[in-house]
Amino acid sequence: MGLLIKGGEIVTAESRFSGDIFIENETISAVGPGLTAPPGTEVIDGTGKLIFPGFIDPHVHIHLPFMATFAKENHAAASQAALIGGTTTFIEMVCPSRKDDALEGYHVWKNKAEGHSASDYAFHMAVTRYDAKTEAQLTEIVRDGTTSFKIFLSYKNFFGVDDEEMFHTLKLAAKLGVITTAHCENAELVGQLQKILLTAGKIGPEWHEPSRPEAVEAEGTTRFATFVEQTGAAGYVVHLSCAPALRAAVEAKLRGVRLHVESVLPHFLLDKSYAERAGVEGMKHIMSPPLRDRRNLAVLWSALKTGLIDTVGTDHCPFDTQQKLLGSKAFTEIPNGIPGIEDRVNLMYTYGVKRGGLDIHRFVDALSTRAAKLFGLYPRKGAVRVGSDADLVIYDTGYRGAISAATQHGINDYNGFEGFEIEGRPSVVTVRGKVQVRDGAFVGQPGRGQFLRRIPNHGPQ
Ligand code: URP
Ligand code: ZN
Ligand code: ZN
């Protein structure tokens, strides 16, 4: 049976027009004014609503063994929370630790998602050790359709790689035509600064930011960009948080380096004063790179508006209050991460488009289309056009509400954005033509999500 969405205003990264959308067999088969459909077609009235292509979150952790614990999430809950918030595709980081086997790790993550995710999904494969065996396994993983790598310049001895391993990873990525995403902080400096602070008795969450200052992130960004340049690879800086790191990335872009930039939801809306709150309230806002001095927020917003920041992800990585308390005696033991997969679209729409002068097409581009293009999903995802998957968000701009842990759908006992107002939310969300969400509730089929096989799209220029 087909599905017809009538009378909405379709908004994509490039255009805005009134029209209908007809869906058959999971894909869009017609877009235009005055469409009619055969008897038996389900019709959704989109009058007064905006219709966006399904949003894509390019930076998500669901299964994550990290900092002596596991991220408090599973694929069923996270994917349904994502859909309720308008995210129809997420890209999860496969993060085996340095001592684990890469291919085994890849299958662990795939098995966790398969049959449980309600939204479609793909993976970035983290390279946490580089040797001949891992190189062969990475080639096999790319052949399986996972065409992006992830490296950590921080988290020494756990996820982190050294410069030699970064070099070989980027060389392999360039040869295979895949893009490498990178967490850019100088691991050595972080370790030394942590030691100095702890020795001086500075153990609270307020010392997390001073242990990883802006210059440490700028150094990581510069070094990653230089390695990308020298290896002829394509690179993507994840969760860029501050002006000096942005400057480093822009300098590389200006030199013609194939470098792309992601910033994540918390860094647009929260500053370091949240992590300076007393006790566990501060711990709830510990992530890396850390929340920054407020002056950085305006810089990130303007870089997003002009496209210097390419994409907006979440770095969704929830730990609950009990887990955060692992760091009561030392800020270095606080599990790093904050949830956000459910709230990204509504918060960026509210504080960007409605209140912040963010162009609505740039909003769609940064939260959907650009990620689809960079990660080999376009035009299957990130577009409203004939032949694309019918992943659509029928958006109610008249909705008014506020973010609260009491009403969220992900697994956690707090929300880092508690009390933030929202002006708008999805009223209907479809995944490949099937209605999965209506007005804040999951009404669809759990486990319907598919693994998205991609082909390399960053070959030599
Ligand atoms: O604090 C963070 N960002 N936690 C998740 C792991 C990472 O670095 O992305
Ligand atoms: Zn990271
Ligand atoms: Zn992350």
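Start at 1 with the first residue, then count along the sequence. Every number for a ligand or one of its atoms is a count from 1 in the order of the listing. Side chains are part of it too, since the values below use all heavy atoms of this structure and drop only hydrogens, waters and symmetry mates.
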Quick one: are the ring centres of [X] and [Y] less than 6.0 Å apart?
{"X": "His59", "Y": "His61", "value": "yes"}
{"X": "Phe158", "Y": "Phe152", "value": "no"}
{"X": "His183", "Y": "Phe159", "value": "no"}

Does any N or O in the side chain of [X] come within less than 3.5 Å of the main-chain N or O of [Y], such that one atom is a donor and the other an acceptor?
{"X": "Arg292", "Y": "His267", "value": "no"}
{"X": "Ser211", "Y": "Gln194", "value": "no"}
{"X": "Lys324", "Y": "Ile286", "value": "yes"}
{"X": "Arg344", "Y": "Ala82", "value": "no"}

In a simple table, one pair per line, please give the protein and ligand 1 atom names for every N or O pair closer than 3.5 Å, along with the distance.
{"unit_1": "ligand 1", "atom_1": "1 (O)", "unit_2": "Ser288", "atom_2": "N", "d": "2.8"}
{"unit_1": "ligand 1", "atom_1": "3 (N)", "unit_2": "Ser288", "atom_2": "O", "d": "2.9"}
{"unit_1": "ligand 1", "atom_1": "3 (N)", "unit_2": "Asp315", "atom_2": "OD2", "d": "2.6"}
{"unit_1": "ligand 1", "atom_1": "4 (N)", "unit_2": "Asn336", "atom_2": "O", "d": "3.0"}
{"unit_1": "ligand 1", "atom_1": "8 (O)", "unit_2": "Tyr155", "atom_2": "OH", "d": "2.7"}
{"unit_1": "ligand 1", "atom_1": "8 (O)", "unit_2": "His183", "atom_2": "ND1", "d": "3.0"}
{"unit_1": "ligand 1", "atom_1": "9 (O)", "unit_2": "His61", "atom_2": "NE2", "d": "3.2"}
{"unit_1": "ligand 1", "atom_1": "9 (O)", "unit_2": "Asp315", "atom_2": "OD1", "d": "3.2"}
{"unit_1": "ligand 1", "atom_1": "9 (O)", "unit_2": "Asp315", "atom_2": "OD2", "d": "3.4"}

Parallel, tilted or perpendicular, as decided by the 30° and 60° cut-offs, for the rings of Tyr274 and His285: tilted

Carboxylate-amine/guanidinium contact Glu421 Lys354, below 4.0 Å: no

Lys112 with Glu92: basic N within carboxylate O range, under 4.0 Å: no

Residue His59 atom name (nearest to the Zn ion (ligand 3); N/O/S):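 Nearest N/O/S atom of His59: NE2.
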
N, O or S of Cys317 under 2.8 Å from the Zn ion (ligand 3): no

Residue and atom, protein N/O/S, under 2.8 Å of the Zn ion (ligand 2):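 Near the Zn ion (ligand 2), below 2.8 Å, one finds His183 ND1, His239 NE2.
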
